[in-house]
2 protein chains.
Amino acid sequence: MKDLVSRCPIEEVMQVLSGRWPTLLIYYLKEGTKRFSDLRRDNPTISHKMLALELRKLEDAGIVQRAEFEGYPLRVEYDLTPSGHALVPLIDALGEWWAATDSARAELADRSEMADRHD
Amino acid sequence: MKDLVSRCPIEEVMQVLSGRWPTLLIYYLKEGTKRFSDLRRDNPTISHKMLALELRKLEDAGIVQRAEFEGYPLRVEYDLTPSGHALVPLIDALGEWWAATDSARAELADRSEMADRHD
DNA sequence: TCGTGGTTACCAAAAAGTGCGTAATTTACT
DNA sequence: AGTAAATTACGCACTTTTTGGTAACCACGA
């Protein structure tokens, strides 16, 4: 982790959760133990490199646990930590908030469409 | 808004809230009506371009309201919408979660320091 | 030779910073 | 009186920085 030093805890969480992947990965991991290749199958559009990077980030943030097993080919399993599990409902709440405010956004869009029209 | 078309509401919220500024701006706007220059003073490190861009994004997302007043120099006021206000406690919860999991991260850091040490 | 979980180097694309221009009115200076 | 400068909230073009993708390499065993 680089410099996760900011005064505000919110800045710090957002530093971890920002981007396409963190919440998605948390979502797939919520289903249970996953391996690297499982997660790639779950989300085919993430690159090999990004998956490794994002998993590290989540691990450093204490959201994901990594378990390495001896043997070849090497087997590695990923799981949410207890903190990670506690985070899930909070992310859910954001999703629900977004869904609930859908109608408000629809109105906004309608208004701007009307404003755009000049025939 | 470009293509905020994804199957999952969580992906969509994160698209709006990702990055340094959205949550910060929401935080300052929570204090009440702010003007462009107020927000720049609140957060001196944001560039005027980014501030304008981010405010638009939040406006399109229905989180922020923009009110333009005639006259020169032009005056513009920004406020949270009702949806925006509803979002605040959810963001707070993330911050609290992060603060609460601080000790867990501290332990992780300790362990990795021990692992790094090879004297 | 393939599969596993990475890391690294290289490159293209996207994000973000800088500085200039703009509007009409007030204030400040000469 | 006449002129210059400042004010506010941006938009635009240009440059720099940061991200993210691709592909190659590694280890070993079946």
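Proteins come first, then strands; the chains are lettered A, B, ... in the order of their sequence lines, and each starts at number 1. Only a predicted model underlies this, so the values are computations on that prediction, with no experimental measurement involved.
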State, with a plain yes or no, whether a side-chain heavy atom of Leu94(B) is found less than 4.5 Å away from one of Leu90(B).
no
Would you kindly compare Gly19(A) and Leu53(B) by the position of their nearest DNA chain D nucleotide and give the one closer to the 5′ end?
Leu53(B)
Taking the ring of His48(A) and the ring of Phe36(A), is the distance between their centroids below 6.0 Å?
yes
Do the non-hydrogen side-chain atoms of Arg40(A) and Lys34(A) ever get within less than 4.5 Å of each other?
no
With heavy-atom distances below 4.5 Å as the criterion, would you say the side chains of Leu51(A) and Asn43(A) are in contact?
no
My understanding is that only residues two or more places apart in sequence, or in another chain, count here; which of them pass side chain to side chain contact (heavy atoms under 4.5 Å, CB included) with Ser83(A)?
Thr81(A), Trp97(B), Thr101(B), Ala104(B)
Separation of dT18(D) C1' from Lys57(A) NZ (nearest whole Å):
13 Å
In the structure I gave you, are the side-chain heavy atoms of Leu39(B) and Leu29(B) within less than 4.5 Å of one another anywhere?
yes
For Arg56(B) and dA9(D), is the shortest distance between a side-chain N/O and OP1 or OP2 below 4.0 Å?
no
In residues 34-43 of chain B, what residues come within less than 4.0 Å of DNA chain D, judged by heavy atoms?
Arg35(B), Phe36(B), Ser37(B)
Distances for protein N or O near nucleotides 21-28 of chain D N or O, under 3.5 Å:
| from | atom 1 | to | atom 2 | distance (Å) |
| --- | --- | --- | --- | --- |
| dG21(D) | OP2 | Ser47(A) | OG | 2.9 |
| dG21(D) | N7 | Lys49(A) | NZ | 3.2 |
| dG21(D) | O6 | Lys49(A) | NZ | 2.4 |

Separation of Leu51(A) atom CG from dT4(C) atom P, in whole Å?
13 Å
Whole angstrom is fine here: how far is it from CD in Gln15(A) over to C1' in dT19(D)?
15 Å
Under a 3.5 Å distance rule, please check whether Arg20(A) uses its side chain to pair with a backbone N or O of Met14(B) as donor and acceptor.
no
Stepwise, does the side chain to side chain contact (heavy atoms under 4.5 Å, CB included) test hold for Glu77(B) with Gln65(B)?
CA-CA 8 Å; Glu77(B) 291 186 352; Gln65(B) 258 173 339; over 6 Å; no
Whole Å only: how far is the CD atom of Glu54(B) from the C1' atom of dA16(C)?
10 Å
